[in-house]
Amino acid sequence: MKPYFSFQWHITDECDQRCKHCYIFSGGNYNCLKSMSWQEMQDTFNNCLDFCETYGRTPYFYLTGGDPILHPDFWKLLELFSENNIKFTIMGNPFHLNDDVCKKLKEYGCEKYQMSIDGIRETHDWFRKPGSYDCTLEKIGCLNKAGIRSVIMTTVSKTNRNEVPGIIDAVVNTGVNIFSFSRYVPSGGDLDASMTAQEYRESLSDIDAKFKYYEAQDGKTYFNRKDHLWTLYQYETGEFKIPEYAQEGMIYNGCNCGNCHITILPTGDIYACRRVAQSKVGNAFKDRLAKVWVSSLDNYREYDNFSKCSKCELLAWCRGCPAVAKGTNGSFYAADPQCWKEKNDLTGEIL
C-alpha cells in the first residue's frame, strides 16, 4: 500500500449546479440534500486519523460535495485540518472563489483546487449551467495567484470525446497547472454511454498527441494520465513495459479501490468508491474505519474474480475502471466496456 491514504470526503450535497452526469442529481432523487453536522465532521475526522495511525499511513483529504465551500462549517473544518497539519485538495466549483478566498484557502493548507470543464463553452454549459465555462477558466488565474495548484478535470463520454483536445488547448492557454480526465460512469442520467472501445482508443491517441505537443513546449502543465487504460495504450506503444521486478500475485498500480482510497458521504456512509454504485461498506458515524478496511472492503480486492483482467498480463497495473464496468454491466469484476484488448477464443487469454 502507498504511504498516503486518500479520503474523498463529501461534507454536503449542496451545490450551485445540477450537472447531467452527477451521481447526486442525475437520477433526479435529490429532494433531501444532506450535510454533516459539525459534530459529525469532527467524529469522522478523528475516525480517519485513527485509521491512519492503526495502519501507519499518512492521511490526505479530497474535500468535496456538492460544493464543500457551501457548508456552513467549511472554514471550521479547514481550521481543524490546519491544527493537525493536514494537507488537502478541494474538489469544488468556481463560483465562490475570489482573491481573498483563495488566499485564505492557501493559508489553511489547501494544495490543489479541482474544477471541471466538460466541453467547449456550449457543451460545458449544457452539462452544468450557463456561464460556468467562462467562470471556471477565469478562476484558474485566481488560484494560481494564491499559490494553489489549479486542476481541471474532464468527464469523457461519447457526447464530448471529440472536444477534449479543444478543452486541453483552452485550459493550457489559461495557465492551468494540472489537467486530467476520467470516463463517464452510467448513473441514471441522460448522457450517451455507448462509447465503443475503439472510439475510446482513438480518443486516447488524439489526447496523447495533444499532451505530448504541450509537454514538448514549456512543460508548464502537468498532464495526469489517470485513466488506467492509459497503461494498456502505452503498453501497445512501447512506453510501458512490465518491470523485471514484478512478482506474481502482487498489485502495483491500477484502480485504488480497496488499496489506498475510500469515500465518505454526508450521511456518513462509507463507499469503496463514489463512482461504484452500491459500494457501501459501512458508516463512519457507527463503524470504525480501521475495522471496515479488513472486513467489508475485502470484497473489492478479489483480483482473480475479474472476468477479463484476471487473464491479462497487465492485471497488476491496469484493470481498467471497475466503476465503468459496474455502471455498464452490473458487476465490479465485469469487463471494462472501453477496453479494446481482445480475448483468444481458444485459450481465454487476453491478446
Side-chain angles (χ1 to χ4, degrees), residues 1-4 6 151-156 161 164-165 167-168 172 177-185 195-217 219-261 273 275-276 300-325 328 332-344 347-351:
M1 295 194 298
K2 298 176 182 177
Y4 278 92
S6 64
V151 184
I152 292 295
M153 169 65 75
T154 294
T155 299
V156 178
R161 73 181 187 89
V164 178
I167 296 172
I168 296 169
V172 169
N177 297 138
I178 302 169
F179 175 80
S180 186
F181 67 90
S182 59
R183 281 175 286 150
Y184 168 60
V185 176
M195 181 168 57
T196 67
Q198 192 55 42
E199 285 174 335
Y200 187 57
R201 193 194 184 287
E202 291 169 0
S203 291
L204 285 184
S205 180
D206 292 340
I207 294 168
D208 188 45
K210 186 67 71 171
F211 282 4
K212 287 175 178 173
Y213 170 78
Y214 284 114
E215 287 169 338
Q217 305 299 312
K220 290 183 178 180
T221 301
Y222 171 71
F223 297 101
N224 185 350
R225 291 169 170 83
K226 178 181 178 180
D227 191 308
H228 305 303
L229 287 179
W230 273 115
T231 303
L232 171 58
Y233 177 83
Q234 293 183 320
Y235 184 60
E236 292 182 343
T237 63
E239 295 173 83
F240 173 79
K241 298 183 185 300
I242 296 176
E244 293 182 1
Y245 62 73
Q247 299 179 37
E248 187 175 351
M250 293 290 289
I251 297 297
Y252 295 97
N253 212 324
C255 175
N256 287 329
C257 187
N259 290 325
C260 56
H261 165 88
C273 173
R275 289 159 54 85
V276 179
Y300 297 89
R301 295 190 282 260
E302 298 173 353
Y303 302 107
D304 289 340
N305 288 345
F306 280 101
S307 63
K308 182 178 180 181
C309 301
S310 62
K311 301 177 180 64
C312 179
E313 69 271 29
L314 297 177
L315 172 69
W317 293 272
C318 179
R319 302 184 300 287
C321 180
V324 176
T328 305
F332 181 86
Y333 292 109
D336 185 321
Q338 273 91 49
C339 175
W340 59 89
K341 210 164 190 286
E342 296 181 358
K343 277 187 178 181
N344 183 317
T347 66
E349 292 180 352
I350 308 301
L351 302 177

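Hydrogens, waters and symmetry mates are skipped; everything else that's a heavy atom, side chains included, is used. For reference, positions follow the sequence shown, starting with 1.
Between the CD1 atom in I251 and the CG atom in L315 there is a gap of 4.5 Å [rounded to 0.5 Å]. Rounding to the nearest 0.5 angstrom, the gap separating the NZ atom in K341 from the OH atom in Y235 is 6.0 Å. One distance of note links CZ of R275 with OG1 of T155; it measures 7.0 Å at 0.5 Å rounding. For the atom pair CD of Q234 and SG of C318, the computed distance is 11.0 Å after rounding to the nearest 0.5 Å. The distance from the NZ atom of K308 to the CD atom of E342 is 8.0 Å, given to the nearest 0.5 Å. The structure places CG of L314 at 14.0 Å from OH of Y252, a figure rounded to the nearest 0.5 Å.
The side-chain contact (heavy atoms from CB on, under 4.5 Å) check on V151 picks up K112, Q114, I178, with sequence neighbours excluded. A search for side-chain hydrogen bond (donor to acceptor under 3.5 Å, both in side chains) contacts involving R319 returns nothing, not counting sequence neighbours. Taking H261 as the reference, S6, T263 meet the side-chain hydrogen bond (donor to acceptor under 3.5 Å, both in side chains) condition, with sequence neighbours excluded. With sequence neighbours left out, the side-chain hydrogen bond (donor to acceptor under 3.5 Å, both in side chains) criterion links Y222 to no other residue. By the side-chain contact (heavy atoms from CB on, under 4.5 Å) test, A325 pairs with A334, sequence neighbours left out.
Annotation: side chain of T231 is not in contact with side chain of N253 (no heavy-atom distance under 4.5 Å). Put simply, the side chain of L229 does not reach to within 4.5 Å of the side chain of R201, judged on heavy atoms. For the pair W317 and F240, the minimum side-chain heavy-atom distance is below 4.5 Å. You'll find the side chain of I207 reaches within 4.5 Å of the side chain of I168, heavy atoms only. Residues Y184 and M195 are not in side-chain contact: their nearest non-hydrogen atoms beyond the backbone lie 4.5 Å or more apart. Side-chain contact between T196 and W340 is absent, with no heavy atoms from C-beta onward closer than 4.5 Å. Residues R225 and D208 have side chains in contact (heavy-atom distance under 4.5 Å, counting atoms from C-beta outward).
Sorted by first and then second residue, the salt bridge (Lys or Arg N to Asp or Glu O under 4.0 Å) pairs with a member in residues 238-255 read K212-E239; sequence neighbours excluded.
The two residues G320 and R183 come nearest to each other via the heavy atoms C-NH2, 4.4 Å. Scanning all heavy atoms of the two residues, the minimum distance from Y333 to E302 falls at OH-N, 3.0 Å.
The existence of a salt bridge linking D206 and R161 is excluded, since no basic side-chain nitrogen approaches an acidic carboxylate oxygen closer than 4.0 Å.
A tilted orientation is assigned to the rings of F332 and F306, their planes being inclined by 30° to 60°. The aromatic rings of Y233 and W230 lie perpendicular to each other, with more than 60° between the two planes, well past the 30° mark.
In summary, the side chains of Y200 and D336 do not present any donor paired with an acceptor at a separation below 3.5 Å, with no hydrogens or angles considered.
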